[in-house]
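All ligand and atom numbering here is 1-based and tracks the order in the structure.
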Amino acid sequence: MTQEILKSGFVAIIGRPNVGKSTLLNCLIGEKVSITSPKPQTTRCQILGIKTLADAQIIYIDTPGMHREEKRAMNRYMNRVASSVILDADVIIFVIDATSWRGEDEMVLKKLHDAEKPVILVINKIDLLADKGELLPLIQKMKDKYHFTHIIPISAKDADNTHHLEEEIANLLPEGPQLYPEDQVTDKGVRFQIAEIIREKLIYATEEELPYTTTVEIEQYTEGEKLIEIGAVIWVERQGQKIIIIGKKGARLKKIGIQARREIEKLLGNKVFLRLWVKVKENWTDDDRALRSLGYE
Ligand code: GDP
Ligand code: MG
């Protein structure tokens, strides 16, 4: 640690699924620390993104979405994480989509009501607005709903106005020391990142509703002289899902493997040999013990 940090703290990024929380985190960090996709519920566990500035260290917490349905163990888990994150954070960023306000947004807003800490409203996806004048009535409506510390329109996709957002966040942080080395961008280990890359490719490759019940476990990680050997198991709930992932003559699994390997090689800066298996573990989303055995504490 070479420099004196004057401010540091935790910043929770909350909002309903699909508003662009993970995209924003990656944009603020400048690296892909959280996977994104057009399907809701891509982010399942809490991910820290760390940004070290000259005089501040911002530790972002990307949260899974909050849901009305709490039927299954996975949903209960996600809701617990999302609520506790509001209590733990120093600053809260509430992300909404400039093009649509829904009942789910209202639910998240409700959770904020007792949060006695600064809340920044981020209106994302302004690149989708044909006329920026549409923002004014939205801003007024949001002002009436809550006493936000700031209201900042951005496009996470185009990194539009995100630097301004970062400055305002840094201004709101409490005084504090540097908590992580300045070159560290996430709290997650390399195995976790590899598993997430595979899961992302899997989500993109399967049009069916798979991701929610699918998890990836890294079974083998061996550094050889010329390449790193990685073995991963894709756990699914049903035989039918296994067949979908594998595809005709294994074509889909092969494609997932190639795409994942390329990105893992970039992450590790090394040649990689990746082996993927698909295994069935029945009803694991309904079973807290099974969740724990897969590392979702
Ligand atoms: P999360 O569920 O809130 O984490 O949302 P994601 O970050 O996974 O993003 C959901 C979808 O919205 C993805 O398809 C993103 O590419 C897209 N998206 C995110 N930010 C923007 C933005 O600023 N503009 C546009 N047009 N799309 C965005
Ligand atoms: Mg996400």
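- Ligand-side atoms of ligand 1 in range of Thr23: 6 (P), 7 (O), 9 (O), 15 (C), 19 (C), 20 (N), range being under 4.0 angstrom from any heavy atom.
- Among all heavy-atom pairs drawn from Ile198 and Ala260, the shortest one is CG1-CB, 4.0 Å.
- Distances between N or O atoms of Asp158 and those of ligand 1 include no value under 3.5 Å.
- Side-chain contact between Leu227 and Val272 is absent, with no heavy atoms from C-beta onward closer than 4.5 Å.
- Ring geometry, Trp101 versus Phe94: the interplanar angle exceeds 60°, so the pair is classed perpendicular (tilted spans 30 to 60°).
- Residues Ala232 and Val216 approach most closely at CB-CG1, 4.2 Å, considering heavy atoms.
- Of all atoms in ligand 1, listed by their number and element, those nearer than 4.0 Å to a heavy atom of Ser22 are 4 (O), 7 (O).
- Per-residue contacts place Leu128 under 4.0 angstrom from the following atoms of ligand 1 (heavy atoms of the residue considered): 26 (N).
- Side chains of Lys51 and Gln57 form no contact here, defined as non-hydrogen atoms less than 4.5 Å apart.
- At a 4.0 Å heavy-atom cut-off, ligand 1 does not touch Asp62 at all.
- Polar contact with ligand 1: present for Ala156 (N/O pair, distance under 3.5 Å).
- The option with the heavy atom closest to atom 17 (C) of ligand 1, from among Lys157, Lys125, Glu200, is Lys125.
- In this structure the side chain of Tyr60 reaches within 4.5 angstrom of the side chain of Leu25, judged on heavy atoms.
- Distances below 4.0 Å separate heavy atoms of Lys21 from the following atoms of ligand 1: 1 (P), 2 (O), 3 (O), 4 (O), 5 (O), 7 (O).
- Residue contacts with ligand 1: Gly20 is placed with a nitrogen or oxygen under 3.5 Å of a nitrogen or oxygen of the ligand (distance criterion only).
- Taking a cut-off of under 4.0 Å to the non-hydrogen atoms of Ser155, the atoms of ligand 1 that pass are 23 (O).
- In this model, no donor atom of one side chain and acceptor atom of the other lie less than 3.5 Å apart for Gln184 and Thr186.
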